[in-house]
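Okay, structure first, notes after.
Naming: A, B, ... by sequence-line order, numbering from 1 per chain.
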Amino acid sequence: MIERVDIKQAARLLGFHDGVPDEVTLRLIEQYEPILADAATPRYRYIISPVEKCPVPLIGNDIQKHLENCENVALLCATLGAKTDTLIRSAQITSMAGAVVLDALAGAAIEQVCDKCESEIAALYPNMQMTYRFSPGYGDYPLSVQPRFLLALDAVRRTGISVTESGMLTPSKSVTAIIGMSSNKMERTRRGCISCSVREKCTLREKGEHCGF
Amino acid sequence: MDFKELLKKDFIILDGGQGTEFQRLSDFSYEIPEMLNFENEQLVGSVIRSYAEAGSDIVNAATFGANSVKLRPFGVSAEQMIAKALSVAKEAVAGYDTLVALDVSTIGQLLEPTGTLSFESAYDLYKEMAVAGEKSGADLVFIETMTDLLEVKAALLAVKENTKLPVLCSMTFEENGRTFTGCSPSAMALALEGLSADAVGVNCSLGPKALLPIVEEILSVTKLPVIVKPNAGLPDPKTGSFALSPAVFAEEMREYARLGVKLLGGCCGTTPEHIRQMKEAVSGIVPSVRKTEKKSAVCTYSTVVEIDRPRIIGERINPTGKKLFKQALLENNIDYILSQAIEQVNAGADILDVNVGLPEIDEKEMMVRVVKALQSVTDVPLQIDSTKPEVIEAALRVYNGKPIVNSVNGEDAVLDAILPLIKKYGAAVVGLTLDSGGIPPKAEQRIEIAKKIIDRAAYYGIDKSDVYIDCLVLTASAEQEAVMETLRAVDIAANQLGVKTVLGCSNISFGLPERELINHTFLAMALARGLTLPIINPNIRSMMGTVRAYKVLSGVDKNSSEFVRAYSQKSAEETSGVSAASEVTIGYAIANGLKGEAARLTERLLLTAEPMDIVSNELIPALDKIGADYESGKIYLPQLIMSAEVSGVCFDIIKAAVAKSGGVQQSGEPIVIATVKGDIHDIGKNIVKVLLENYGYQVIDLGKDVPESEIVAATVKHKAKLVGLSALMTTTLPAMKETIAQLRASGHDCAVMVGGAVLTPDYAASIGADHYARDAKGAVDIARMVLGGVQNNL
């Protein structure tokens with residue numbers, strides 16, 4: 001169950017950089033937020049492993065850099081479940097504007113599920129510093145690791161997440177991510193544009209600015 | 001000993017967790033445990049033997065993930081793996097009176113529509129496993145840890161159609177009583193009993209206590225033997241070890257033995273000791289006699305609709321007498337059909353009749369497409385409406401749940417062609433009370449035909465509760481006396497034969513004025529005689545109202561709660577406080593998403609203005625302003641789309657007016673759009689479609705995950721001068737590149753525009769695209785540039 005979806009983040013995903021939607025959009029968000037919250041069946045799972053024994057290949061410079069000085073990694077996966085996909089599909093038949101808003105709400109909601117998972121890990125390991133979540137597809141870390149990722153987490157059986165031949169996670173509102181963990185002091189970096197789904201079209205980014213996410 | 005013999009025992013003891021035993025006894029870190037069959041045969045054999053020793057009547061071979069998709073990276077075929085695993089298992093249980101099951105689980109990819117794996121491909125993968133299993137000496141097949149009912153169906157059909165092995169089916173339910181894909185326990189039991197599984201049940205996810213309500217639900221709806229294979233409680237998040245000791249597990253399993261669950265075992269975290277103690281704990285328990293009543297019910301994968309009160313079958317998915325619907329079928333416009341479905345469901349339909357028969361199209365192919373598409377957006381059971389056995393069977397195969405088939409009649413040839421399909425796929429069936437002699441005039445004669453249908457169904461093993469009798473409505477204006485005969489027949493069928501009854505109610509008024517009045521009065525009369533399944537147009541208020549009112553008056557709708565709920569809500573627009581002030585213009589209505597208002601204004605304008613003038617003076621300027629506001633950042637995507645949707649309503653009204661006045665409708669320039677092969681994120685492409693349509697272009701939408709050849713073929717066929725391709729993932733960009741290459745190679749002259757989250761203008765140019773669409777508005781601009789301004793398609 002998701003209690004409340006982060007409306008500010010949903011508005012950001014719809015293009016409102018400051019997280020404040022206009023009146024028409026706000027009305028749509030308020031109309032669809034409870035529907036999305038009701039349809040979502042969030043699940044997540046994680047495992048902790050020493051970096052050198054990480055069951056998922058750490059290919060590329062970006063993930064290596066991300067895990068610099070970390071002894072352990074947390075591998076996590078999270079999903080909003082299949083019903084969210086059905087909801088967004090069916091909204092596309094009756095109201096495309098509604099579907100777009102639902103899609104953004106779902107994008108915000110899956111981040112919230114990941115946040116919850118991350119705080120659970122943090123609570124279990126209070127003496128560890130943690131990096132931000134780094135997902136396959138960020139930078140030069142390839143999507144081709146997804147099948148190994150899901151196997152390592154027994155994700156099909158435990159969360160209902162699987163991956164298509166082309167490396168897409170299904171249900172579509174699903175995430176896999178790696179968090180670096182270290183007992184040494186670490187500067188917590190911002191995740192920023194690398195993880196943002198609208199990065200290629202972001203007008204702020206074009207101007208060299210940043211929304212603060 | 002075989003499975004049939006085993007069924008005579010009070011309890012059949014299954015094995016416990018296999019994967020968790022492998023982990024407990026070794027430090028294996030194989031990605032798929034099946035590889036242990038080759039790499040540590042002793043370990044696999046000893047775990048399997050330990051369950052035989054502990055008293056399991058059936059043990060699983062280590063073949064859980066032995067399908068070609070999962071094995072591909074390991075260079076082993078499913079057949080090789082299964083042959084090896086079964087030989088290891090059979091050797092392990094030598095000397096014990098223990099059966100060996102071919103263990104089968106999910107392919108590991110989600111089926112369409114959420115994933116990309118087709119039902120047909122899943123069937124082929126399971127067929128390969130089942131055939132190999134039988135060849136290698138498996139005694140039965142255990143399909144387990146499943147979460148998608150349709151995937152279970154693919155596996156079950158594959159085993160049943162290609163081997164003689166008994167099949168046990170078990171799904172995995174979460175605390176909320178659903179599987180990950182939303183399947184409910186009763187829908188599972190209803191559908192799998194219909195498909196002739198030999199036992200159904202649950203395994204994994206939770207401990208024995210937590211599974212109890214789920215198992216009780218299953219016991220209440222099926223007569224099949226039931227399986228329960230829980231985990232040893234929940235795992236500790238830090239250590240991963242399971243909570244329940246063998247003694248506690250065994251004690252908790254006693255309750256299932258008492259309830260009459262026949263197949264008992266364990267899943268993750270249960271050891272041979274758990275199984276040994278469980279077997280001891282249940283021995284001597286006398287299972288209670290299960291009192292499962294056969295009820296009339298149909299279902300989707302998640303919702304069971306019991307026919308214990310009037311249930312409305314929506315009649316609108318049918319081309320008969322509907323020009324727009326026919327056109328949609330001819331143009332492959334599935335979205336139109338889906339919108340008809342959703343409209344009826346929102347109006348209150350419990351079941352949807354699906355008829356796509358049209359001489360000009362391939363009915364079988366269309367039926368399969370429509371059934372799959374309907375199941376992807378709605379959650380009401382379907383009634384497959386066709387007279388052709390091959391169409392019916394194709395639909396029954398891919399249907400996810402238990403549907404109704406409409407229909408058979410009293411003719412022997414029809415009964416003997418269709419009833420075996422009903423039995424095989426576990427559907428319900430509508431029986432029309434007519435035969436080669438036509439519709440008999442008297443009620444008693446129709447009842448004779450009904451009896452014949454019921455008897456023949458019983459001969460094929462179909463229970464009376466799954467036969468719904470249609471006593472047939474004749475037109476009152478032509479045959480007035482026939483009306484009361486129909487109602488008398490309904491009465492006898494419902495109250496003496498004790499079957500559920502169906503009536504298509506809308507034809508009664510044909511040829512009369514004020515048809516609605518006749519229709520709902522007849523509906524009320526029929527309901528009072530015992531009609532349970534009226535086939536009506538649920539969008540008509542008086543028809544829905546009659547059924548709702550009847551449910552209040554007959555005491556079915558307790559405390560009138562359904563009735564009050566239906567009539568205490570006002571439509572969103574009524575309550576949104578927007579005034580219908582006269583100064584509201586079409587432009588204002590479009591900008592503010594006021595569909596009803598825009599429709600009224602358009603109709604009013606049509607009284608005084610030429611249709612094309614309304615388009616060029618009102619709609620297009622409004623759309624252009626919205627487009628400019630979007631570009632300049634004054635408005636955002638939701639409002640842009642909402643405005644397009646409102647203007648779409650206006651266009652539809654104008655088009656209808658032109659058609660009515662005999663004007664010739666021209667189609668706009670065709671544009672083919674598709675999300676490329678491998679890619680299933682199609683919301684962006686669908687937004688582009690909405691916008692392009694509202695600028696008058698004829699959009700041929702090929703959908704998502706579309707093979708290159710299909711895109712080329714459609715482009716050539718429709719002589720499209722513009723093609724739009726979408727891809728969201730870096731992994732599907734090669735498919736986009738290949739599509740463009742094939743379009744060029746075809747020699748057909750067209751421009752290609754591309755878009756999607758990971759694309760950039762440079763990349764678009766590098767793969768040979770002519771245009772890069774930054775967003776949906778950008779796509780419209782490209783279309784206007786390539787094909788010319790606004791389409792005059794009226």
Side-chain angles (χ1 to χ4, degrees), chain A residues 14-16 21-22 24-25 27-29 31 41 43 46 48 55 79 81-83 85-86 88-90 92-101 103-104 120 124 137 142-144 147-148 150-152 156-168 170-172 197-201 203, chain B residues 29 31-32 73 105-106 108-110 113-117 145 147 172 174 176 178-182 204 237-238 335 338-339 342 346 376-379 572 592-593 633 635-639 641-642 644-645 677-681 683 686-687 690 728-732 735 757-760 774-775:
Chain A
L14 287 167
F16 299 90
D22 62 25
V24 172
T25 306
R27 220 179 332 154
L28 284 169
I29 288 178
Q31 181 187 345
T41 48
R43 314 216 141 254
Y46 57 86
I48 315 291
T79 182
K83 203 173 161 195
D85 282 11
T86 308
I88 296 172
R89 261 199 310 274
S90 122
Q92 289 181 55
I93 306 294
T94 50
S95 163
M96 185 56 76
V100 166
V101 168
D103 193 56
E120 200 174 302
L124 272 177
L143 286 170
S144 58
R148 302 283 288 271
L150 296 185
L151 274 173
V156 174
R157 192 207 282 246
R158 302 203 184 271
T159 62
I161 303 174
S162 59
V163 59
T164 68
E165 297 274 329
S166 53
M168 286 187 192
T170 52
S172 65
S197 63
V198 294
R199 64 183 174 277
E200 293 302 338
K201 298 179 186 129
T203 47
Chain B
S29 59
E31 287 178 20
I32 57 170
S105 188
T106 174
Q109 291 181 9
L110 285 184
T114 300
T116 51
L117 185 67
T145 322
T147 60
T172 298
E174 304 302 309
N176 64 1
R178 300 278 170 152
T179 68
F180 287 139
T181 63
C204 207
K238 248 184 166 168
D335 280 359
L338 296 185
S339 70
I342 293 174
N346 289 343
S376 76
V377 297
T378 64
D379 186 28
N592 288 278
I635 65 161
Y636 289 81
L637 189 59
Q639 196 174 353
I641 299 168
M642 212 157 73
E645 287 180 322
K677 188 159 177 260
D679 209 315
I680 48 171
H681 294 110
I683 192 165
N686 293 338
I687 294 168
V690 168
L728 193 91
M729 313 278 286
T730 48
T731 46
T732 53
V758 294
L759 277 165
T760 59
R774 172 193 163 81
D775 54 19

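For B/T145, the part lying near chain A is the side chain, with the backbone staying farther off; criterion is any non-hydrogen pair under 4.5 Å. Both the backbone and the side chain of B/D679 come within contact range of chain A, with heavy atoms under 4.5 Å apart. Proximity to chain A involves both the backbone and the side chain of B/Q109, based on heavy atoms less than 4.5 angstrom apart. Contact annotation for B/I342: only side-chain heavy atoms (C-beta onward) come within less than 4.5 Å of a heavy atom of chain A. For chain A, no part of B/L728 is nearby; none of its heavy atoms comes within less than 4.5 Å. Contact of A/T86 with chain B is made through backbone and side chain together, with heavy-atom distances under 4.5 Å. For B/T172, no part lies near chain A; criterion is any non-hydrogen pair under 4.5 Å. With a 4.5 angstrom heavy-atom cutoff, A/T159 touches chain B only via backbone atoms.
For chain A, the option among B/L338, B/T147, B/L637, B/I683 with the highest count of heavy-atom pairs below 4.5 Å is B/I683. Each of A/V101, A/V100, A/I161 has some count of heavy-atom pairs under 4.5 Å with chain B, and the biggest count is that of A/V100. Ranked by heavy-atom pairs shorter than 4.5 Å toward chain A, the options B/M642, B/E645, B/Q639 are led by B/E645. For the options A/P55, A/G167, A/P171, heavy-atom pairs under 4.5 Å to chain B are most numerous at A/P171. Most heavy-atom pairs under 4.5 Å with chain A, from the set B/I680, B/T106, B/T181: that is B/I680. Of the listed residues B/G108, B/S339, B/G182, the one with more heavy-atom pairs under 4.5 angstrom with chain A than any other is B/G108.
Of all heavy-atom pairs between A/R157 and B/F180, the closest is O-CE1, 3.1 Å.
Applying the salt bridge (Lys or Arg N to Asp or Glu O under 4.0 Å) criterion to A/D103, with sequence neighbours excluded, gives A/K173. Listed by chain and residue number, A/R89, B/S376 satisfy the side-chain contact (heavy atoms from CB on, under 4.5 Å) test with B/P113 (two or more places apart in sequence, or in another chain).
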